[in-house]
Amino acid sequence: MPHLLATVRPYRPEDLPALHDICVRTADAGGDSRHLYPDPDLMPSIFAAPYAALEPESTFVLDDGRGRAVGYVLGTSDTARFVRAFREVWLPPLAARYPEPVGPARTPSEEMIALLHRPERMILPQLAGYPAHLHIDLLPAVQRQGYGRVLMHTFLRALRDRGADAVHLSMVTANASARAFYDRLGFQEIAVPDPGPLTYLGRSTSLADG
C-alpha cells in the first residue's frame with residue numbers, strides 16, 4: 001500500500017464499508033474487536049455510521065492513494081443537535097435489529113446495544129463548554145506516520161468554520177498510546193464524575209492550540 005500517497009479528503013458514500021471495517025478493527029481500545037462483538041455492524045452503527053449519515057460534512061477519511069479509506073475522523077459541531085437526530089432519525093430503523101436489553105447487560109454486545117439506545121449519555125454538564133465532539137481511528141498500517149495529526153487539523157478547521165470553538169472526545173482510559181497522541185495535540189482532561197472506563201478530553205478548535 002503506497003502510504004506516502006495517502007491524503008485526507010471528504011467522506012463519500014462509497015466509503016461506508018471501509019468506515020465499518022476501520023471501526024471494527026480499532027474498537028477494542030485501539031485493537032481489533034471482532035472477538036468481542038460477533039455482529040460486524042454493531043460498533044460502526046454506534047460510533048461511525050451515524051456521523052457519516054447525519055453529518056457527512058463533518059466526516060473525513062484518509063485515502064490510501066487508491067481510493068480506499070484507511071482512517072477517518074468524524075463527529076459533530078453540536079452534540080445536542082446530533083443526539084436529537086440520533087434519537088429521532090438514526091435509532092428507529094435499528095431498534096428491531098438491536099432491541100434494547102432488558103435488565104443488566106450480560107455480554108459485551110449487550111453493553112454496546114444499551115449504549116446505542118441511550119444517545120443522551122453524550123450530553124454531560126461538564127462538557128457544555130465543548131459543544132463539538134469527535135472520533136478518530138486509523139488502521140495500524142498507517143498509524144504513527146503523522147496522518148492522525150493531519151486528520152485532526154482538517155476536522156478542527158471544519159469545526160471552526162461551523163462556529164464551534166471547542167471540542168471534546170472520550171477514550172478508553174487504558175489506551176495509553178491514544179492518550180499520548182491526544183496529549184501531543186493539546187487535549188486536556190475534563191473532570192467528569194464517575195466516568196467508568198473512559199477519560200474525557202477537550203481542547204479549543206484553534207490550530208494555534210496544538
Just checking, is any N or O donor in the side chain of [X] or [Y] under 3.5 Å from an acceptor N or O on the other one?
X    : Y    : value
S177 : N175 : yes
T173 : T199 : yes
D15  : Y72  : no

Of all heavy-atom pairs between [X] and [Y], which one has the smallest distance, and what is that distance?
X    : Y    : answer
Q126 : I190 : O-CG2, 3.7 Å
V61  : A69  : CB-CB, 3.8 Å
A6   : L62  : CB-CD1, 3.9 Å
L151 : G71  : CD1-C, 4.4 Å
G129 : A166 : O-CB, 3.3 Å
E110 : P104 : OE1-O, 4.1 Å

According to a 4.5 Å side-chain heavy-atom criterion applied to Ile, Leu, Val, Met, Phe, Trp and Tyr, with indirect links allowed, do [X] and [Y] form part of one hydrophobic cluster?
X    : Y    : result
M171 : Y130 : no
V167 : L124 : no
L127 : F47  : no
L185 : V172 : no
L16  : V24  : no

Between [X] and [Y], is any pair of side-chain heavy atoms under 4.5 Å apart?
X    : Y    : result
H133 : S170 : no
D161 : E57  : no
L116 : L94  : yes
Y37  : P108 : yes
H135 : L169 : no
L5   : D64  : no
S109 : D39  : no
S77  : L159 : yes

Look up atom [atom1] in [X] and atom [atom2] in [Y], then write down how far apart they are to the nearest 0.5 Å.
X    : Y    : atom1 : atom2 : answer
L115 : M112 : CG    : CE    : 4.5 Å
R157 : L207 : CZ    : CG    : 5.5 Å
M152 : R184 : CE    : CZ    : 11.0 Å
R25  : H20  : CZ    : NE2   : 14.5 Å
D21  : L139 : CG    : CG    : 6.0 Å
Q145 : L138 : CD    : CG    : 9.5 Å

### Query
Could you walk me through whether S204 and Q188 pass the side chain to side chain contact (heavy atoms under 4.5 Å, CB included) check?
CA-CA 10 Å; S204 161; Q188 297 183 336; over 6 Å; no
For the backbone of [Y] and the side chain of [X], can you confirm whether one donor and one acceptor N or O come within less than 3.5 Å of each other?
X   : Y   : value
S33 : L36 : no
W90 : S45 : yes
R9  : G67 : yes

#### Entry: Partners meeting side chain to side chain contact (heavy atoms under 4.5 Å, CB included) with R84 (sequence neighbours left out)
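Partners of R84 under the side chain to side chain contact (heavy atoms under 4.5 Å, CB included) test: A80, R81, E88.
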### Message
Working note: R34 + D28, criterion side chain to side chain contact (heavy atoms under 4.5 Å, CB included); need CA distance, chi angles, decisive distance, verdict.
### Response
CA-CA 9 Å; R34 283 175 286 191; D28 181 18; over 6 Å; no
### Task
Report the C-alpha separation of Y11 and L74 in whole Å, then their side-chain angles, then the decisive distance to 0.1 Å, and conclude whether the side chain to side chain contact (heavy atoms under 4.5 Å, CB included) test is met.
CA-CA 9 Å; Y11 167 81; L74 40 78; over 6 Å; no
### Task
Name all pairs fulfilling the ring-ring contact (aromatic ring centres under 6.0 Å, His included) condition that reach into residues 185-210, sequence neighbours left out, sorted by first residue then second.
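Matches after skipping sequence neighbours: Y182-F187.
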### Task
Evaluate side chain to side chain contact (heavy atoms under 4.5 Å, CB included) for T154 paired with V73, printing each intermediate quantity in order.
CA-CA 9 Å; T154 300; V73 61; 5.6 Å; no
### Query
Picking from T79, L134, V192, what satisfies side chain to side chain contact (heavy atoms under 4.5 Å, CB included) with H168?
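Output: one option passes, namely T79.
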